[in-house]
Amino acid sequence: MLFTTYLSGIIEFMFCLVDGNNFYVSCERVFKPYLIGKPVIVLSNNDGCVVSRSQEAKDLGIKMGQPYHQCRRCVELNNVQVMSSNYALYADISERMMRLLQTLTPDCEVYSIDESFLYFHHTQYSSWHEQGRAIKAMIQQHLGIPVGVGFGKTKTLAKLANKLAKQAHEGVCCIHDYDLNKLLKNIALEAIWGVASGISKRLKRQGIYNAYHLREAPLRIVRSSCHSYGETLKFELMGISVIPLTCEKSPNKQIISSRSFGVGLSDKASLFGALTENIIRATEKLRAGRLKTKQWYVFLQSSRFKPGYCHHGVDIMHTHYTSVTAEIVSHSLNSMQRYVTSDHVYTKSGIILTDLQLVSQIQPTLFEPSYDRMDALMKACDDINHKWGRGTITLSQVHQPKQRWKMKQNQRSQAYSTQWNDILTVQ
DNA sequence: TCTGGGGTCCTAGGACCC
DNA sequence: TCTGGGGTCCTAGGACCC
């Protein structure tokens, strides 16, 4: 286990977590300023669940992950503005935000679409709080996105500081400016990064009820209930950095593409069309990561909320590494033939690519076919689709009749920053 | 009526070997 | 009647994250 040397007062380093507030809602507000100050929610694919809420919507009691149909009445009564998710827009704003943060320090780990860990050896400002205010102002000025900034001697403490920052510290908090003992006594276990109901239940059985208890608990106790994971949490809360910053993005270990249809489907053309769409998306990601796969899993499943739930999937082992869409489509559809009967009504399809390998590290076998021409063709298709928009060239021959599996996205905003046709017009 | 999607890491336990 | 011990590898499933 690696420990970062921590000599208080001699080395003044700090981890920092910058996190976009209500990120998807904030992205929508950048291009629709009339949404500012109003309750707004963003829905998941198929307009199924709530995945982002403005503060006003949170105050109305709308929960994260809540099915839309459950809060529809509240939405109507309070005139909540509802948006379908527009991931192209969020991903683009995210990329701009991360690029700005990378100008502050090379030690920057993009952790998710809306948050990054930064590591500072020292600050040129009068305090960490001032540094945080400067970061907030920079993101606000360049992108119009409000962020929270938290500082701590470990990633776990920075994460905690970020949470506190959003509650009552003008969006900035350095956790070491406060009486840490007192503070941790008021932090519930579930508020700690990496602790959810399962682990908290186990810790409570040992008499550990808050962050302070966990930090002070004997190693033997945390080990017995949570193995090395509990140990990591304890050290991180003590201010001893155990979870390192990982600036280099490691290659994916798996790639998933799955979608619900919105309606139940049982006809072969629609189901194979949906599966093909999944495979096209997954293989595009595969090639974008300069990877190939030798093993994958395709599946069809029915609604979990209806009686007679079924899940049918096939594990496919290929003879060699490939990233050719048509090849994966053809093997997958052949294997799924037996499950596509009129007896089954499915609502979701998907593919999981596993056994991924970087193209540069693949050792070809003596008897496998040459992929040079197919790889070149795939690259040309990807380039064209990237330049002229997804779907300009279809990567599979499967007949796609009415596209009944297409997502419901009734309230989607435009792709303001990634599609020429959607660019705002200034009068 | 309507209930998301995409990831990682860890552990227990089975299978197998000598 | 009594049925070893130590090791590796793989996988399913749990737990967590956003």
Side-chain angles (χ1 to χ4, degrees), chain A residues 17-24 41-53 62-73 75-76 82 84-87 90-91 94 109-117 155-156 159 162-163 189-203 223-233 242-244 246 249-264 277-278 281-282 285-286 289 295 297 299 301-306 309 311 313 315 317 345 347-356 407-411:
Chain A
L17 180 70
V18 183
D19 166 300
N21 298 348
N22 319 323
F23 189 66
Y24 297 170
I41 56 172
V42 174
L43 302 177
S44 63
N45 288 323
N46 270 315
D47 291 348
C49 294
V50 177
V51 291
S52 182
R53 308 155 295 156
I62 297 174
K63 298 273 177 287
M64 182 66 179
Q66 191 174 15
Y68 179 43
H69 68 93
Q70 279 178 10
C71 58
R72 192 182 289 252
R73 192 164 158 69
V75 164
E76 285 164 4
V82 182
S84 300
S85 42
N86 183 347
Y87 289 107
Y90 313 149
S94 166
E109 174 188 343
V110 177
Y111 179 66
S112 76
I113 192 161
D114 71 333
E115 60 192 297
S116 260
F117 282 103
K155 285 169 95 175
T156 304
K159 190 90 182 160
N162 181 280
K163 197 171 261 193
L189 289 175
E190 292 84 357
I192 303 168
W193 182 41
V195 179
S197 62
I199 294 201
S200 110
K201 213 179 281 174
R202 270 184 263 163
L203 288 171
R223 268 200 206 126
S224 71
S225 54
C226 305
H227 316 279
S228 62
Y229 194 66
E231 196 175 310
T232 300
L233 289 170
V242 180
I243 306 171
T246 40
K249 193 186 175 298
S250 48
N252 282 52
K253 299 196 167 87
Q254 61 175 36
I255 292 171
I256 302 178
S257 172
S258 67
R259 281 280 185 281
S260 299
F261 310 143
V263 288
E277 184 88 12
N278 296 142
R281 285 173 46 83
K285 282 192 234 170
L286 189 67
Q295 188 181 350
Y297 179 78
F299 64 89
Q301 69 183 45
S302 66
S303 171
R304 290 176 178 280
F305 303 95
K306 299 254 173 63
Y309 167 72
H311 176 106
D315 232 328
M317 313 273 206
V345 179
T347 58
K348 184 175 179 174
S349 65
I351 180 164
I352 305 174
L353 308 178
T354 55
D355 193 352
L356 308 184
M407 279 193 282
K408 270 190 287 182
Q409 286 194 309
N410 294 329
Q411 333 276 342

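Convention: sequence-line order gives letters A, B, ...; per-chain numbering from 1.
If you find the closest nucleotide of DNA chain B to S303(A) and to K285(A), the one lying nearer the 5' end belongs to S303(A). Positionally, the nearest nucleotide of DNA chain B for F305(A) lies more toward the 5' end than for the other of F305(A) and N252(A).
Rounded to a whole angstrom, the distance from the C1' atom of dG4(C) to that of dC16(B) is 16 Å.
K253(A) places no side-chain N or O within donor-acceptor distance of the main-chain N or O of L356(A), the cut-off being under 3.5 Å. Using modelled atom types, one side-chain atom of K285(A) and one backbone atom of I256(A) make a donor-acceptor pair closer than 3.5 Å. No donor-acceptor distance shorter than 3.5 angstrom exists from the side chain of S302(A) to the backbone of V345(A), with no hydrogens or angles considered. Between the side chain of S52(A) and the main chain of V42(A), no donor-acceptor pair closer than 3.5 Å is present. The main-chain N or O of F23(A) is never found under 3.5 Å from a side-chain atom of D114(A) such that the two would form a donor-acceptor pair.
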- [ ] Begin from the C-alpha positions of S260(A) and N46(A) and carry the test side chain to side chain donor-acceptor pair (under 3.5 Å) through to its verdict.
- [x] CA-CA 7 Å; S260(A) 299; N46(A) 270 315; 4.5 Å; no
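Residues V82(A) and Y68(A) share a closest heavy-atom pair of CG2-OH, 3.8 Å. Of all heavy-atom pairs between S85(A) and L43(A), the closest is OG-O, 2.9 Å.
Between the P atom of dG4(B) and the CE atom of M64(A) lies a distance of 13 Å, rounded to the nearest Å. Atom CG of L286(A) is separated from atom C1' of dG6(B) by 15 Å (rounded to the nearest Å). If you take CZ of R223(A) and C1' of dC10(B), they are 16 Å apart, rounded to a whole angstrom. Between I243(A) atom CD1 and dC9(B) atom P the separation is 12 Å, expressed in whole Å. Summarising the geometry, the separation between CZ on R304(A) and C1' on dT3(B) is reported as 11 Å, rounded to the nearest angstrom. Going from atom CG of N45(A) over to atom C1' of dG4(B) covers 6 Å, rounded to whole Å. Atoms OH (Y309(A)) and C1' (dT3(B)) sit 13 Å apart, rounded to a whole Å. Here the P atom of nucleotide dG4(B) and the CG atom of L43(A) are 12 Å apart, to the nearest Å.
The side-chain ring of Y68(A) is not stacked on the base of dT3(B), judged by centre separation under 5.5 angstrom and plane angle under 30 degrees.
The side chain of S258(A) places an N or O atom within less than 4.0 Å of a non-bridging phosphate oxygen (OP1 or OP2) of dG6(B). Contact check, S260(A) against dG5(B): a side-chain N or O comes under 4.0 Å of OP1 or OP2. Between R259(A) and dG6(B), a side-chain N or O to OP1/OP2 separation shorter than 4.0 Å is present. Residue K306(A) places none of its side-chain N or O atoms closer than 4.0 Å to OP1 or OP2 of dT3(B).
Ring pair H311(A)/Y309(A) is tilted by interplanar angle, where 30° to 60° counts as tilted. Relative ring orientation between Y111(A) and F117(A) is described as perpendicular, the plane-to-plane angle rising above 60° on a 0-90° scale split at 30° and 60°.
Of the candidate nucleotides dG7(B), dT8(B), dT3(B), dT8(B) has the atom lying nearest to any side-chain atom of Q254(A). Closest approach to the K348(A) side chain among dG5(B), dC2(B), dG4(B) is made by dG5(B) (side chain taken as heavy atoms from C-beta onward).
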- [ ] Summarise protein proximity over nucleotides 11-17 of chain C in one line of letters, 5' to 3': B for base, S for sugar-phosphate only, - for none, counting protein heavy atoms closer than 4.0 Å.
- [x] ----SSS
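At a threshold of 4.0 angstrom between heavy atoms, the contacts of S257(A) are confined to the sugar-phosphate backbone, with no base atom among them. Contact annotation for I255(A): backbone-only contact, meaning every heavy-atom pair under 4.0 Å involves sugar-phosphate atoms and none involves a base. Nucleic acid contact class of D47(A) (heavy atoms, under 4.0 Å, all strands): none.
When the options C49(A), S84(A), P67(A) are evaluated for a side-chain contact (heavy atoms from CB on, under 4.5 Å) with S44(A), the one that passes is C49(A).
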Open item on the list: For DNA chain B, please output the secondary structure as dot-bracket, reading 5' to 3'. Pairs are Watson-Crick or G-U wobble, both atom distances under 3.5 Å; mark crossing pairs with [ ], other-strand partners with |, unpaired with a dot.
Closed with: ....||||||||||||||
